[in-house]
Amino acid sequence: MSVAPYFTKGSREMSKIKSKNNTENSVVVNKTPLKLRIYKYRWFYLMFIPVFIFLLVFNYLPMTGIRYAFYSYRNAFNIKWVGLANFERLFETSAFWTSFVNTLVISVTKLVLNTGMAVVISLLLNEMVNLVFKKFTQTIIYLPHFMSWVVTASVFTLILSTSESGLVNSMLVSLGILAEGEEIYFLASKEYWRVAYYIINIWKDTGWGTIIFLATLSGINPELYEAAKIDGAGRWSCIKYITIPSLSNTIITVLILNLAKIMNLFESVFVLINDNVIDVAQVLQTYTYSITFAAAPDYGFSTAVGLFRSLVACILVLICNFISKKIRGRGIV
Amino acid sequence: MKKSKKFLAVALAATMAVTALAGCKKDKNYAEQVDKITIMVDGTLFTLANGRDQFEARLEELMGVEVDIIQPDHSGYYDTVSQTFANPDTSTWPDVVLLGSTYYATYANSGVLADISDYYENSELKKSGRIINEGLIDGLYINDGLYGISPARGNGCITYVKKAWLDRCGLTAPTTYAEYIAMLDAFMKGDPDGNGVNGDTPYAVTSAGIVNAEAPYVNYLPEFFQDAYPDFYQKADGTWVDGFTEQAMIDAINRLTDAYAKGYLDPELVTNGTKDCRNKFFEDKCGVFTYWAGNWANTLATNLEAKGLDSELVNLEPIAEVGNYIERQATVWCVTSACENPEAVFNLFFGTMLDGADGQQLWTYGVEDVHWSTKAETNVINAGLETEKKYVSEEGQFHWKTNLETGAALYSKAHIDKLLAITTFADPAKDVGNADVNPRITASAKVFNENSVLAPVITSNDVMEQYQSGIMSLRIQLVSECVTNGLSVTDAMARYNAEVGTQVKAILDSLNK
């Protein structure tokens with residue numbers, strides 16, 4: 001049996017050690033000296049240096065700023081150690097807890113709705129027979145993803161406006177659902193803001209979310225469908241017994257991966273929030289922004305809010321990692 | 001011996017005189033003491049697209065030192081200012097910074113700004129006698145220290161009513177709240193826009209928000225707020241109170257709620273920006289708009305003209321219940337404590353800006369042949385469009401030039417509004433545009449100047465710095481919810497007391513100590 005050219009002598013030796021270790025169930029001890037190993041892989045280390053410096057400068061160095069969570073930091077001349085006072089103030093502030101609860105509610109609902117809609121649209125796209133129309137539809141639904149949130153917010157502010165330019169209110173009035181003069185101020189109503197927000201998110205991001213599901217769908221063995229059809233299965237039965245089960249692992253993966261990011265909610269809320277809906281719309285990131293750029297900011301307090309958010313996000317990542325290991329057999333970090 | 005004594009005495013006297021003069025010269029020649037002056041300013045100075053480089057070059061020429069203008073985006077200006085002053089590396093700080101009144105009080109209180117009181121008191125500017133509004137500068141003293149100078153008054157808003165709307169409804173300008181409401185009612189029920197249909201006016205008044213985030217907070221809807229002020233203020237007896245919890249504020253919220261429910265107010269006022277309001281006013285959707293006095297009177301009228309609408313606006317004198325419009329605390333130019341030679345920078349910067357000659361001309365009118373000119377020429381706005389308009393000027397006639405960035409208007413000022421400036425020109429010839437002020441601008445400014453009072457002084461201390469922004473956000477939110485979302489005033493006040501009552505008490509205790 002010939003050995004593939006890219007197997008080096010070293011890797012073959014490692015394979016041998018591994019197989020030996022597997023059989024004996026003992027700890028691998030690499031006896032090659034460290035200096036020799038570094039020299040051997042010097043080009044890899046050299047290639048890694050820019051990445052390492054980048055990580056150090058832009059990811060780890062800024063973390064030293066975490067210490068300011070324990071300071072009162074109003075400006076360069078006004079930095080005082082306050083211990084845990086910022087956290088005490090944080091937990092006593094009702095606006096913080098409102099933001100925290102809103103973050104969880106809005107993020108989880110958005111995640112479930114966006115994923116659900118992406119699955120539904122993927123299934124519908126998968127059933128399309130006309131390839132040209134399918135590609136055209138895909139392109140159309142991907143486009144909103146590339147629109148900035150500022151533009152999206154402006155467009156929907158117009159669409160949901162109470163004035164004559166407001167498409168939704170005009171339609172509701174035309175259909176007799178609303179009387180003239182009783183138009184709904186969707187984006188400034190506590191009752192409707194979240195609904196409007198979820199719809200805008202679905203419009204913007206569902207198309208993009210379908211990509212991963214469509215990739216999975218295209219990988220399903222066609223023989224499964226052929227066999228099912230021979231056994232008399234209709235289209236719905238094929239979806240129910242072949243497509244959805246094949247997709248389920250991807251759905252779980254997507255949900256888990258996104259669950260770890262639910263604390264990162266800012267731009268979409270920031271461009272749509274207003275004074276009327278702060279109780280239902282303010283999330284941790286927008287709250288941090290508002291206290292950081294106030295007339296008399298305390299960067300120590302803002303850092304404490306940010307640190308708390310990061311801790312919660314970190315815990316969520318670990319939970320997701322644990323769930324992922326249980327369900328998929330491998331973690332996400 | 002006597003001769004030598006005399007010679008020695010003359011020599012010593014001459015040396016003393018020369019030394020003294022040399023010292024004098026050195027002190028006065030501040031340009032030699034400074035290498036460069038960095039200036040941080042918002043969009044109220046010419047932007048890069050509007051000839052900032054030319055402005056900077058001219059300023060360098062007049063001050064005799066290198067100038068570096070840092071001009072962050074106007075809307076994010078204070079974000080940048082806050083970040084700058086949070087940086088312990090003071091070498092990144094500007095020498096001079098423009099600050100709004102709230103920020104001025106905060107930064108003065110925390111040591112970010114240099115105390116310039118001695119420099120001001122001994123300055124040529126103060127001695128010149130050209131300051132016509134010394135009270136404005138006196139009002140900037142905080143704990144016996146002066147941390148900045150406002151070159152012009154803060155201005156404020158007056159209410160503009162479309163004359164054609166009044167005429168079509170057979171009304172005259174209202175003088176009381178009852179008449180004001182009757183006017184709004186007539187606008188809603190009648191045919192003020194003259195389209196032949198009664199009662200199709202979308203709303204009578206527009207506004208960008210209800211309570212503004214910045215002081216004086218209530219300037220966009222004065223007829224409804226009247227004597228209410230939603231912040232801490234000092235009463236005549238010297239005690240500090242929270243205006244938000246006073247009966248005047250409760251009455252104001254009730255008036256606003258009632259007007260909103262009756263459809264007098266723009267239903268989208270919570271999400272409106274000022275540009276939205278202006279556009280709605282230009283599109284004839286409403287007839288009443290409270291906006292800045294002075295230059296804006298002309299801009300509003302010009303835009304109405306461009307839309308083919310009647311452009312005559314009534315500069316409404318404050319109704320009886322309002323009494324006076326509120327003049328906001330002016331923006332303040334400050335020398336930062338990072339500045340290595342604050343005395344020299346003070347004298348160079350303010351000595352040029354308010355010199356009553358070329359420097360003041362530059363800050364008031366801009367750069368000759370860039371922003372204004374006296375040459376015979378034609379300036380065109382909206383070139384190539386249906387709304388194209390030409391302005392022909394003769395040789396020697398002062399005129400503003402076309403806006404370099406938009407091409408849609410002529411310039412109307414540089415940084416200092418001539419009508420609001422605190423100093424006069426020492427050399428009247430340098431006041432090149434004195435005769436060119438548009439009558440619409442002077443009429444609007446006259447109504448404001450004759451009927452305005454300065455907004456309550458903004459103060460700051462450690463307790464206020466800690467709580468003020470959170471309290472103000474809640475006030476804005478509660479008023480907004482009461483007016484547009486059906487929250488009762490009683491519930492709003494109960495929530496206010498529950499959430500920030502202790503913080504308000506702590507602030508009042510600290511102020512009344």
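Within every chain, numbering begins at 1; the chains are lettered A, B, ... in the order of the sequence lines, protein sequences first and strands thereafter. Keep in mind it's a predicted model, so treat the numbers as computed, not measured.
- For B/Leu269, the part lying under 4.5 angstrom from a heavy atom of chain A is the backbone only.
- Within the structure, salt bridge (Lys or Arg N to Asp or Glu O under 4.0 Å) pairs that include any residue of residues 195-207 of chain A do not occur (at least two apart or interchain).
- Atoms CG and CG, on B/Leu184 and B/Leu265 in that order, are 8.0 Å from each other to the nearest 0.5 Å.
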- request: Starting from the C-alpha separation in whole Å, work towards a yes-or-no answer on ring pair (Phe, Tyr, Trp, His ring centres under 6.0 Å) for B/Phe232 and B/Phe244.
  value: CA-CA 8 Å; B/Phe232 301 102; B/Phe244 189 76; over 10 Å; no
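- Taking the ring centroids of A/Phe91 and A/Phe308, they lie under the 6.0 Å cut-off.
- At least one side-chain heavy atom of A/Trp208 sits less than 4.5 Å from a side-chain heavy atom of A/Phe146.
- When each of A/Ile278, A/Ile291, A/Val277, A/Ile79 is checked for heavy-atom pairs under 4.5 Å with chain B, A/Ile278 comes out on top.
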Using only the distance criterion (under 3.5 Å, no hydrogens considered), which donor-acceptor pairs connect chain A with chain B?
unit_1   : atom_1 : unit_2   : atom_2 : d
A/Tyr73  : OH     : B/Ala86  : O      : 2.1
A/Asn75  : ND2    : B/Ser110 : OG     : 2.8
A/Ala76  : N      : B/Phe85  : O      : 2.9
A/Arg89  : NH2    : B/Gln466 : O      : 3.0
A/Ser94  : OG     : B/Glu499 : OE1    : 3.3
A/Ser161 : OG     : B/Glu268 : OE2    : 2.4
A/Thr162 : N      : B/Glu268 : OE2    : 2.8
A/Thr162 : OG1    : B/Glu268 : OE2    : 3.4
A/Tyr185 : OH     : B/Glu268 : O      : 3.1
A/Tyr185 : OH     : B/Thr271 : N      : 3.1
A/Tyr185 : OH     : B/Thr271 : OG1    : 2.5
A/Lys190 : NZ     : B/Glu481 : OE1    : 2.8
A/Lys190 : NZ     : B/Glu481 : OE2    : 3.3
A/Asn276 : OD1    : B/Ser480 : OG     : 2.3
A/Asn276 : OD1    : B/Thr484 : OG1    : 3.1
A/Asn276 : ND2    : B/Thr484 : OG1    : 2.4
A/Asp279 : OD1    : B/Gln477 : NE2    : 2.8
A/Asp279 : OD1    : B/Arg495 : NH2    : 2.8
A/Asp279 : OD2    : B/Gln477 : NE2    : 3.2
A/Asp279 : OD2    : B/Arg495 : NH1    : 2.6
A/Asp279 : OD2    : B/Arg495 : NH2    : 3.3
A/Tyr289 : OH     : B/Asp79  : OD2    : 3.0
A/Tyr299 : OH     : B/Ser82  : O      : 2.9

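- In terms of the ring-ring contact (aromatic ring centres under 6.0 Å, His included) criterion, A/Trp149 has no residue partners (sequence neighbours excluded).
- Legend: salt bridge (Lys or Arg N to Asp or Glu O under 4.0 Å) pairs involving residues 102-114 of chain A, not counting sequence neighbours: none detected.
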